[in-house]
Amino acid sequence: MARDVQITFDCADPAGLAAFWAEALGYQVQRAPDGFESWDQALEAMGVPPERRNDASALVDPEGARPRLFFQRVPEGKQAKNRVHLDVRAAPGLAGDARMAALEAEAARLVSHGATRLERHEPAPPLGTGHIVMADPEGNEFCLD
């Protein structure tokens, strides 16, 4: 039996990083529990002090098909290269110059939202289709593929 997964990010600013990834993936912040108009209202009712209200954030796929993303505050910063990373499929079905142009356009869009461009890998047929390595606002590497 297949299992559902949640992808968890350790970070310094859960709300900020969630906002970046919502923009990158077309996800949305998980809605507040029933009976509350906002997360701030829910956390207030739960007795969570204001300084702890950015300890976590979660994103969901609006269509409900893809994994939930969870962002949790941790005290330490990123230390080394990610051993696991996301590949954002920004040019499905495209090849060659059209593929790389689509990846470049998405890289520019994400840079405008706080990402950093790290390196471009040119297509190298037959197996290498080309990709761009990026980092999110907290330095977590991901690829535009």
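Contacts of Asp34 classified as salt bridge (Lys or Arg N to Asp or Glu O under 4.0 Å), with partners at least two apart in sequence or in another chain: Arg31. Residues passing the ring pair (Phe, Tyr, Trp, His ring centres under 6.0 Å) test with His113: none are found, sequence neighbours excluded.
Here the closest non-hydrogen pair linking Val60 and Tyr27 is C-CD2, 3.3 Å. A pairwise comparison of heavy atoms in Ala135 and Phe142 identifies C-CE2, 3.6 Å as the closest pair. Residues Leu144 and Ala90 approach most closely at CD2-CB, 4.4 Å, considering heavy atoms. Closest non-hydrogen pair, Ala58 versus Arg68, comes out as CB-NH2, 3.2 Å. Counting all heavy atoms, side chain and backbone alike, Gln6 lies closest to Thr8 at NE2-OG1, 3.4 Å.
Trp21 places no side-chain N or O within donor-acceptor distance of the main-chain N or O of Gly26, the cut-off being under 3.5 Å. Between the Arg53 side chain and the Val48 main chain, a donor and an acceptor come within less than 3.5 Å of each other. At least one donor-acceptor pair closer than 3.5 Å links the side chain of Gln79 to the backbone N or O of Gly77. Of the possible donor and acceptor atoms, none in the side chain of Arg117 sits under 3.5 Å from a partner among the backbone N and O of Leu110.
Side-chain contact between Asp13 and Glu138 is present, with at least one heavy-atom pair separated by less than 4.5 Å.
Interatomic distance, CE of Met134 versus SG of Cys143, reported as 10.0 Å (0.5 Å rounding). Note that NE2 of His121 is 11.5 Å distant from OG1 of Thr129, once rounded to the nearest 0.5 Å. Here the CE atom belonging to Met100 is positioned 3.5 Å from the CZ atom belonging to Arg120, to the nearest 0.5 angstrom.
Follow the hydrophobic side-chain contacts under 4.5 Å out from Phe36 and you never reach Val29; the two are in separate clusters. The cluster map of Ile, Leu, Val, Met, Phe, Trp and Tyr, joined by side-chain heavy atoms under 4.5 Å apart, puts Ile7 and Val88 in the same cluster.
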Pair Arg99-Glu104, salt bridge (Lys or Arg N to Asp or Glu O under 4.0 Å): steps then yes or no: CA-CA 9 Å; Arg99 175 184 172 75; Glu104 288 291 352; over 6 Å; no

Step-by-step side-chain contact (heavy atoms from CB on, under 4.5 Å) determination, Leu17 to Asn140: CA-CA 10 Å; Leu17 202 55; Asn140 301 299; 4.0 Å; yes

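For Gln72 and Asp10, the side-chain atoms include at least one donor-acceptor pair closer than 3.5 Å.
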